[in-house]
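Since the structure comes first, as structure tokens, the remarks are kept for the end.
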Amino acid sequence: MNLNLTEHTEGNATFKIGNAFYRPGTQLVRDLGILAAAIYKSQIGHLRVIDAMSGCGVRSLRYDLESEADWIWVNEGNPELNPILQQNLAGAIASHKATLTHLDANQVFFECYNRRDYYDFIDVDCFGSPTPYLDTSLWALKLGGLLYLTSTDGRKLTGHASESSLGIYGAYPRNHPAAQEQGLRVVIGKLQQQAIAKGLGIEPIFSLFTGQTYRLMVRLVKTQPLTLQNYGFLGYCHHCGNYQTVSWRQLGRVVCAYDQKSLTLSGPLWLGLLHNQSWLRQMQGLAEKWHWSKRVQLLSLMEAEAEADFPPYFYTLAEIGRRGRLDIPKREHLIQALRDRGYFACATHITPGAIKTNADIHTCIAVALNSVQCTKKC
């Protein structure tokens, strides 16, 4: 067995990988989890964590050292990783701040429920779809607690395997330029359904897409937030490029408001907010305190996405340029031009070549054309 016993450093943690799976490039998602857990600890005064699929244990180690967790249940389904986990987490285990098991993650969640031992923070860093853990993880989560989910199921979520998505998520997503945001919304919608089946609901804290990974931080709440306004369908017009949200009551009579062409519908999915602005501000403040400048920039961008009541999609600059048959405008110029005309507009963290705005695509094209013409005259 080829073991990687070189020491690595991430945040305040020093650890070895051994034969575990570890991607340095996903430190971003771990950093955001650490920040959210630390904010929770500062608010509530205690923090008990389940790291359901721990790998080499770097997340558990950082929840201990940086988020100052009081107790961590470290679980890794592969018992062959026990030696490296014992080594990496020796301090936490010796100080009785952590326990280590090798169970299926669902066994951990059911055991918590059977003992009525609910946790403040659950991290489920799975490969593929998180659906097998959506229902069960909620059984182990304390009311008001945070659930941090991973999905790498991009093909199904972006409409490249819609029939498979129907079976897994109960939704039929289609492909279009804003499909990555759609992926986040499909998972949130599925999770909302699971929470409501328990008489509860979930509130998105932040929704992150990076590379091919979807990461969702949600809070378990008493209210059941699904309504006809925030849970429905997204319509896309392949003829003109415009989007519309579509309610259940509109089904069967849906056409594009501009050219009366039939819309391609995706859903059902979550149409509400992707982020909690207050949480993002607190995380940004802590990131500044810790001198995490890149995380500050990202959180600032995500906070802007939560600042206005943006529709549940974005427009890519390439789509605006293609539809308008014009040179692709600079993103910051188009955003400012839309704001000058009274629209909400901002960049999106999902892709550097897109904007979120409450203007329709026809307005975006007209404003972009005017901006390009002004630039050429100047």
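We count residues from 1, following the sequence as given.
For Lys261, the NZ atom sits in a loose shell: 12 or fewer heavy atoms of surrounding residues, nucleotides or ligands are nearer than 6.0 Å. Under a cut-off of 6.0 angstrom, the local environment of CD in Gln86 is crowded, with over 12 non-hydrogen atoms contributed by other residues, nucleotides or ligands. When the shell of 6.0 Å around CG of Asp259 is examined, it contains more than 12 heavy atoms from other residues, nucleotides or ligands. For Gln336, the CD atom is densely surrounded, since the number of other residues' heavy atoms within 6.0 Å is greater than 12. Other residues, nucleotides and ligands contribute more than 12 heavy atoms inside 6.0 Å of the OH atom of Tyr118. With a 6.0 Å radius and a threshold of 12 heavy atoms from other residues, nucleotides or ligands, His239 has its NE2 atom at or below the threshold.
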Steps toward side chain to side chain donor-acceptor pair (under 3.5 Å) verdict (Tyr172, Glu163): CA-CA 7 Å; Tyr172 198 85; Glu163 291 186 9; 4.7 Å; no
Worked check of side chain to side chain donor-acceptor pair (under 3.5 Å) between Tyr133 and Asp104: CA-CA 10 Å; Tyr133 313 102; Asp104 181 274; 5.1 Å; no
side-chain contact (heavy atoms from CB on, under 4.5 Å) evaluation trace for Leu334 with Leu317: CA-CA 9 Å; Leu334 179 56; Leu317 298 179; 3.9 Å; yes
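Between Asn19 and Glu80, the side chains place no donor N or O within less than 3.5 Å of an acceptor N or O (distance only, hydrogens not considered). In this model, no donor atom of one side chain and acceptor atom of the other lie less than 3.5 Å apart for Asn175 and Thr158. In summary, the side chains of Tyr148 and Asp51 do not present any donor paired with an acceptor at a separation below 3.5 Å, with no hydrogens or angles considered. Counted by atom type alone, Tyr22 and Glu10 present one or more donor-acceptor pairs between their side chains at under 3.5 Å. A donor-acceptor pair shorter than 3.5 Å cannot be found between the side chains of Gln192 and Gln224. Between the side chains of Thr14 and Glu7, not a single donor N or O lies within less than 3.5 Å of an accepting N or O. Side chains of Arg174 and Ser266: a donor-acceptor N/O pair is absent below 3.5 angstrom, by distance only.
The minimum heavy-atom distance linking Arg253 with Arg249 is given by the pair NH2-O, 3.0 Å. The two residues Val49 and Ala69 make their nearest non-hydrogen contact at CG2-CB, 4.0 Å. Smallest separation of non-hydrogen atoms from Leu265 and Gly235: CD2-CA, 3.7 Å. Across Ser137 and Leu147, no two heavy atoms sit closer than the pair OG-CD2, 3.5 Å. The two atoms that bring Cys56 and Lys16 nearest to each other are CB-O, 3.9 Å, heavy atoms only. Heavy atoms only, all atoms of each residue included: Leu269 and Leu271 are closest at CD1-CD2, 3.2 Å.
Using a 4.5 Å cut-off between side-chain heavy atoms of Ile, Leu, Val, Met, Phe, Trp and Tyr, with links allowed through other members, Leu200 and Leu134 fall into the same hydrophobic cluster. Put simply, Trp292 and Leu65 are part of the same group of oily side chains (I, L, V, M, F, W, Y) that touch within less than 4.5 Å, one to the next. Ile205 and Val296 are assigned to two separate hydrophobic clusters, defined by single-linkage of ILVMFWY side chains at heavy-atom distances under 4.5 Å. Tracing side-chain contacts under 4.5 Å through hydrophobic residues (I, L, V, M, F, W, Y), one reaches Leu216 starting from Ile168; they form part of the same cluster. At a threshold of 4.5 Å between side-chain heavy atoms, the hydrophobic network of Ile, Leu, Val, Met, Phe, Trp and Tyr places Trp248 and Leu263 in one connected group.
His275 places no side-chain N or O within donor-acceptor distance of the main-chain N or O of Gln277, the cut-off being under 3.5 Å. Thr152 places a side-chain N or O within 3.5 Å of a backbone atom of Gly128 that can act as its donor or acceptor partner. Of the possible polar contacts, one joining the Gln260 side chain to the Cys256 backbone as a donor-acceptor pair under 3.5 Å is found. Listed for the Ser162 side chain is a donor-acceptor partner under 3.5 Å among the backbone atoms of Pro173. Looking at Thr210, its side chain never comes within 3.5 Å of a backbone N or O of Thr213 through a donor-acceptor pair. Without hydrogens or angle criteria, Asn75 side chain to Leu103 main chain gives a donor-acceptor distance under 3.5 Å. Judged by distance alone, with hydrogens and angles left aside, the side-chain atoms of Ser67 form no donor-acceptor pair with the main-chain N or O of Ala37 at under 3.5 Å. Put simply, the side chain of Asn230 gets close to the backbone of Thr227: a donor and an acceptor are under 3.5 Å apart. The main-chain N or O of Pro352 is found under 3.5 Å from a side-chain atom of Arg331 such that the two form a donor-acceptor pair. In this structure a side-chain-to-backbone donor-acceptor pair under 3.5 Å is missing from Gln282 to Ile39.
For the side-chain contact (heavy atoms from CB on, under 4.5 Å) criterion with Met302, the lone passing option out of Leu274, Thr348, Ile350, Leu280 is Leu280. Tested against Tyr343, the residues Thr357, Ile335, Val367 include a single side-chain contact (heavy atoms from CB on, under 4.5 Å) partner, Thr357.
Using a 4.5 Å heavy-atom cutoff, the side chains of Cys112 and Trp73 are in contact. Annotation: side chain of Tyr169 is in contact with side chain of Asp153 (closest heavy-atom distance under 4.5 Å). In this structure the side chain of Val187 reaches within 4.5 angstrom of the side chain of Leu157, judged on heavy atoms. Contact annotation: the side chain of Val218 never approaches that of Leu149 to less than 4.5 Å [non-hydrogen atoms, C-beta and beyond]. Residues Leu299 and Glu303 have side chains not in contact (no heavy-atom distance under 4.5 Å, counting atoms from C-beta outward). Looking at Arg219 and Asn276, their side chains come closer than 4.5 Å, going by heavy atoms from C-beta outward. Side-chain contact check for Gln193 versus Tyr231: some heavy-atom pair is nearer than 4.5 Å. A heavy-atom distance below 4.5 Å is found between the side chains of Trp270 and Leu226.
Annotation: salt bridge (charged side-chain N to carboxylate O under 4.0 Å, His left out) contacts of Lys190 (sequence neighbours excluded): none.
Proximity of the aromatic rings of Tyr313 and Tyr236 is defined here by a centroid distance below 6.0 angstrom, and this criterion is not met. For Tyr243 and Phe314, the gap between ring centers reaches or exceeds 6.0 Å. Between Tyr63 and Phe121, a ring centre-to-centre spacing shorter than 6.0 Å is recorded.
A salt bridge is absent between Lys41 and Asp120; no separation between the charged side-chain nitrogens and carboxylate oxygens falls under 4.0 Å. The pair Lys97-Asp70 does not count as a salt bridge, with every side-chain nitrogen at least 4.0 angstrom from each carboxylate oxygen. Between Lys294 and Asp31 there is no salt bridge, since no side-chain N of the basic residue sits under 4.0 Å from a carboxylate O of the acidic one. Ion pairing of Glu305 with Lys356 is absent here, as no side-chain N (NZ or NE/NH1/NH2) approaches a carboxylate O to less than 4.0 Å. Using a cutoff of 4.0 Å between basic side-chain nitrogens and carboxylate oxygens, Asp117 and Arg48 are scored as salt-bridged.
Summarising the geometry, atom CG belonging to Leu298 is positioned 5.5 Å from atom CG belonging to Leu28; distances are rounded to the nearest 0.5 Å.
Through side-chain heavy atoms spaced under 4.5 Å, either directly or across other Ile, Leu, Val, Met, Phe, Trp or Tyr residues, Phe344 is tied to Phe310.
Taking the six-membered ring for Trp and thresholds of 30 and 60 degrees, Phe209 and Tyr214 have ring planes inclined between 30 and 60 degrees apart.
The ring pair (Phe, Tyr, Trp, His ring centres under 6.0 Å) pairs that include a residue from residues 92-116 are Tyr113-Trp139, where partners are two or more places apart or lie in different chains.
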